[in-house]
There are 2 protein chains.
Amino acid sequence: MAAAPPAGDHGAEEVGRRIRTLREERGLSLSTLARLAGVGKATLSGLENGTRNPTLETLYAVTAQLGVPLTAVLSGPAGTPTVRGAAVDATLLEVFTDTDATYELYRMRVSPGPPQLSPAHQAGVTEHVTVFSGVLRAGPLDAPLTAGPGEYLRWTSDVPHSYAAVGDEQVRASLLLRYPRD
Amino acid sequence: MAAAPPAGDHGAEEVGRRIRTLREERGLSLSTLARLAGVGKATLSGLENGTRNPTLETLYAVTAQLGVPLTAVLSGPAGTPTVRGAAVDATLLEVFTDTDATYELYRMRVSPGPPQLSPAHQAGVTEHVTVFSGVLRAGPLDAPLTAGPGEYLRWTSDVPHSYAAVGDEQVRASLLLRYPRD
DNA sequence: CCGAGCCGTTCCGTAAACGGAACAGCGGAC
DNA sequence: GTCCGCTGTTCCGTTTACGGAACGGCTCGG
C-alpha cells in the first residue's frame, strides 16, 4: 500500500472516474465490460481506480465498447491549453492537418477594454473570425475591421494586428487560424 | 460480433503522423522535443512512426509540450459523433450555450456529386460556413451561394437548403449553426 | 580531408502495463 | 444451512513500453 502511484499525476484519476461513470450509466459490471472490451479485469479495475497508466490501445478498446470517443474521457476542463492575454482569452478546440494547410480552431472571448496586440505571423497565415455575440474590432493595425453578431472577419495576419471589444459587452467568437504548408 | 470497430487499428499511425506534423511546424527536432517533453528519443521516434502503443502519460507529456490538447492528436474519424448523408459528412466539435443563442460548431466535408438537401430549421436559425479547400455551393434552394478556399457563406436556414461540391474536389469547411433562444 | 555536432533510428536492460487466475464479499436458490 | 453465481480486488508470470546509450548518416568548419 502506500505505494500510491503519483497522485498528482495528470488526469489519470479523472479518466478513471469518467470511465466508471459511463460504465455504471450503462448498467454494465466491471467484469462484463472487461470481457466485451477484450481487456483483463485487472486492467479495467486499475484503470478505473487510477492506479494504472493506460495504453492508448487499452483506452480505445474500453471507450469504443462504451460507445464514446476517446475525447469523452480525456478532454477535461483543466486539460485544454488556453492562451490568455490582457483582453483576449482563447481556447484551442481542434487542430486540422490537411494537405494544403494546417488549421487551428479556437473559441475566443474578448473582454471590454484597450485592444490586445498580436505580433505578425509567418507569411500567408490568415485569420477567420465569426462573431457570436458582442461587437468585435480586429485586424491589421492600420485597417481594423468591425463585425457584430453573426458577422465574419478575415485578414492576412503576416502583419501586426489587434483585437478589441466595441462597447461594454464581452465578445464571443470563433477564430480559425490557417497556416499554409511550406 | 457486436459491430466491433476495427480493434487492431486504433489509429496509432495517425496519431504519430499528427505529432510529427505538429513538431515540424514548430521547427523542433525529434531530439529536442523528446528532451523538452522529458521522454526518451526512442519513445518519441517509435511513437511518431506508429510502432509503439503509447501510454497516456507519454502522450500527455508530448502534446503538452507541443501546446495542443490531447484531442488534437487523438480525435479520429472513429468514435466522434458524426452526421452522415449522401454528400455531407459533418462532425460535431463543440456546442456553445450563450445567453442569446446556442451554437453548434461542425467540421464538414462535402463530397462531389449531387447536392444534399436539408429541410428547413426553426425560424431564425442561421448557418455560417468557412471554406478551407474546394468550392462549395450552398444555401437556400432558390438562391444558393458559392465560396472557395478562405471564403465565407451565411444564410438563414428556416427554408429548405442544399449543399454541393463544385467540381471534383472534396470540400472541407467549418459549419456554425446558430439557434436563437426563444 | 577529417573531426564536431547535430539529425533520427536501433539496441538493450529495466520498469510497468498487460491478461489469467485466485481471492473475499455479497445476494438469491434450493 | 450449503451452494452457486456474481460482484470487484489482488496476486503473479508474461509481454512490452520505457529511457539511456550506441549507431549510421548528414552538414558544417577548420
Side-chain angles (χ1 to χ4, degrees), chain A residues 1-66 70 73-74 97 181-182, chain B residues 2 4-66 70 73-74 76:
Chain A
M1 9 242 357
D9 223 4
H10 47 76
E13 292 150 0
E14 180 61 21
V15 170
R17 265 193 299 271
R18 297 190 195 186
I19 288 178
R20 174 156 290 176
T21 301
L22 288 167
R23 172 174 66 79
E24 291 174 345
E25 281 174 2
R26 286 158 179 71
L28 291 171
S29 71
L30 187 148
S31 313
T32 304
L33 177 57
R35 179 173 45 78
L36 289 174
V39 305
K41 296 199 298 181
T43 302
L44 184 53
S45 175
L47 205 167
E48 289 191 353
N49 290 321
T51 62
R52 283 208 192 177
N53 172 23
T55 293
L56 192 55
E57 187 177 22
T58 301
L59 258 186
Y60 185 85
V62 173
T63 55
Q65 190 53 233
L66 289 169
L70 273 173
V73 298
L74 291 176
T97 302
R181 187 158 302 282
D182 301 319
Chain B
D9 175 28
H10 46 63
E13 294 139 9
E14 178 62 21
V15 171
R17 267 194 301 272
R18 296 190 197 188
I19 288 178
R20 173 156 292 176
T21 301
L22 289 167
R23 172 173 67 78
E24 291 174 345
E25 281 174 3
R26 287 157 177 71
L28 291 172
S29 71
L30 187 149
S31 311
T32 304
L33 177 57
R35 181 173 44 79
L36 290 174
V39 305
K41 295 200 297 180
T43 302
L44 184 53
S45 176
L47 203 164
E48 288 192 354
N49 290 321
T51 60
R52 280 207 195 180
N53 172 21
T55 60
L56 194 55
E57 187 176 22
T58 301
L59 258 186
Y60 185 83
V62 173
T63 56
Q65 190 54 232
L66 288 169
L70 275 172
V73 298
L74 292 176

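Naming convention: chains lettered A, B, ... in sequence-line order (proteins, then strands); numbering from 1 in each chain. Keep in mind that the numbers below use all heavy atoms, side chains included, and drop hydrogens, waters and symmetry copies.
- Within the 4.0 Å cut-off from OP1 or OP2 of D:dG8, not a single side-chain nitrogen or oxygen of A:Ser45 is found.
- For B:Thr63, the side-chain contact (heavy atoms from CB on, under 4.5 Å) criterion is met by B:Val68, B:Leu70, B:Val73, not counting sequence neighbours.
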Tell me, with the steps shown, if B:Leu47 and B:Val39 meet side-chain contact (heavy atoms from CB on, under 4.5 Å).
-> CA-CA 11 Å; B:Leu47 203 164; B:Val39 305; over 6 Å; no
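- Listed by chain and residue number, B:Thr32 satisfy the side-chain hydrogen bond (donor to acceptor under 3.5 Å, both in side chains) test with B:Ser29 (two or more places apart in sequence, or in another chain).
- Phosphate contact (OP1/OP2 of D:dT7, side-chain N/O of A:Arg23, threshold under 4.0 Å): absent.
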Criterion side-chain contact (heavy atoms from CB on, under 4.5 Å) on B:Val62 and B:Thr43, from CA distance to verdict = CA-CA 10 Å; B:Val62 173; B:Thr43 302; over 6 Å; no
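- Qualifying side-chain contact (heavy atoms from CB on, under 4.5 Å) partners for B:Gln65, counting only residues two or more places apart in sequence or in other chains: B:Leu33, B:Leu36, B:Ala37.
- Under the side chain to side chain contact (heavy atoms under 4.5 Å, CB included) test applied with A:Thr21, the options A:Arg18, A:Glu25, A:Arg23 reduce to a single match, A:Glu25.
- Atom CG in A:Leu22 sits 9.5 Å away from atom CD in A:Glu48 (nearest 0.5 Å).
- Applying the side-chain hydrogen bond (donor to acceptor under 3.5 Å, both in side chains) test to B:Arg17 and every residue at least two apart in sequence or in another chain returns B:Glu14.
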Per-nucleotide protein contact string for nucleotides 14-20 of chain D, where B marks a base within reach and S marks sugar-phosphate only (heavy atoms under 4.0 Å, - for neither) = ---SBBB
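- Shown for residues 26-35 of chain A: residues whose heavy atoms fall under 4.0 angstrom of DNA chain D, namely A:Ser29, A:Leu30, A:Ser31, A:Thr32.
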